[in-house]
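Report on one structure; see the data block that follows.
Along the sequence shown, residues are numbered consecutively beginning with 1.
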Amino acid sequence: MDFFANFLNILLWSLWFAIWIGFIFLVIRFVFDVFRDKELSVIGKILWTLLLVMVPCIGALIYIFARGKGMAARDVAAAEAVRAAQVEYTQGLMTEAGAATEIEKAKALLDSGAITEEEFAALKARALA
């Protein structure tokens with residue numbers, strides 16, 4: 001019987017430890033969100049940070065109710081910005097490969113005599129643009 005009591009105590013302490021670690025990460029995330037908000041004044045940032053650090057339980061609840069919707073909007077905007085950067089980077093890679101291929105084809109046409117030097121320069125400029 002002593003083994004099961006100790007085992008349950010270990011499980012209970014593990015649960016509380018996980019809850020506290022999660023709460024600490026949540027408060028840190030709120031503080032990061034305070035400093036990420038460009039619309040909040042410096043004094044507002046200081047006051048929110050002090051509230052979250054001095055009284056973390058009440059401060060976290062107040063923050064979620066007062067600024068939760070704005071926090072979600074900032075998260076969505078950041079995710080969209082990352083996605084747009086990824087798409088732009090991927091398109092840049094595809095364009096670079098495409099430009100080299102287009103110039104190579106235009107050079108082959110120039111060498112075969114199908115186009116003039118001016119037309120080759122125009123195709124090259126369009127491919128690089």
_Minimum-distance pair of heavy atoms, taken over all atoms of A106 and L123_ = CB-CD1, 3.9 Å

*Check the angle between the aromatic planes of Y63 and W48 and answer parallel, tilted or perpendicular using the 30° and 60° thresholds.*
perpendicular

*asked:* How long is the straight-line distance from CZ of R29 back to CE of M71, given to the nearest 0.5 Å?
replied: 3.5 Å

*Would L109 and K105 count as a side chain to side chain contact (heavy atoms under 4.5 Å, CB included) if you check the C-alpha gap in whole Å, the side-chain angles of each, and the deciding distance to 0.1 Å?*
CA-CA 6 Å; L109 288 173; K105 288 179 182 177; 5.7 Å; no

*If you round to the nearest 0.5 Å, how far is CG of L61 from CZ of F65?*
6.5 Å

_ILVMFWY cluster, V55 and I19 together (side-chain gap under 4.5 Å)_ = yes

*Do you know the tightest heavy-atom contact between V27 and P56?*
CG2-CB, 4.1 Å

*Hey, any chance L50 and F30 share a hydrophobic cluster, counting ILVMFWY side chains that come within less than 4.5 Å of each other, even indirectly?*
yes

_Restricting to non-hydrogen atoms, name the atom on R36 and the atom on D75 that form the minimum distance, rounded to 0.1 Å._
NH2-OD1, 2.7 Å

*Kindly compute the distance separating CG (L52) from CD1 (I58), expressed to the nearest 0.5 Å.*
11.5 Å

*asked:* Would you compute the distance between atom CZ of R74 and atom CZ of R67 and round it to the nearest 0.5 angstrom?
replied: 5.0 Å

*Do you reckon I28 sits in the same ILVMFWY cluster as I62, going by side-chain contacts under 4.5 Å, direct or chained?*
no

*Crowded around E104 CD? As in, over 12 foreign heavy atoms under 6.0 Å?*
no

*Shared hydrophobic cluster for M54 and F35 (ILVMFWY, side-chain gaps under 4.5 Å)*: yes

*Looking at E119 and T116, what are the two nearest heavy atoms and their distance?*
OE1-N, 2.9 Å

*Are I24 and V53 connected in the hydrophobic side-chain network, where two residues link if heavy atoms are under 4.5 Å apart?*
no

*Hey, is D111 close enough to K107 for a salt bridge, meaning N to O under 4.0 Å?*
yes

*Is C57 close to F23 at the side-chain level, that is, under 4.5 Å between some pair of heavy atoms?*
yes

*Calculate, to the nearest 0.5 Å, the distance between atoms CH2 and CG belonging to W20 and L26 respectively.*
12.0 Å

*Rounded distance (nearest 0.5 Å) linking atom CG of L8 with atom CG of L15*: 12.0 Å

*Above 12 or not: heavy atoms from other molecules or residues under 6.0 Å from NZ of K124?*
no

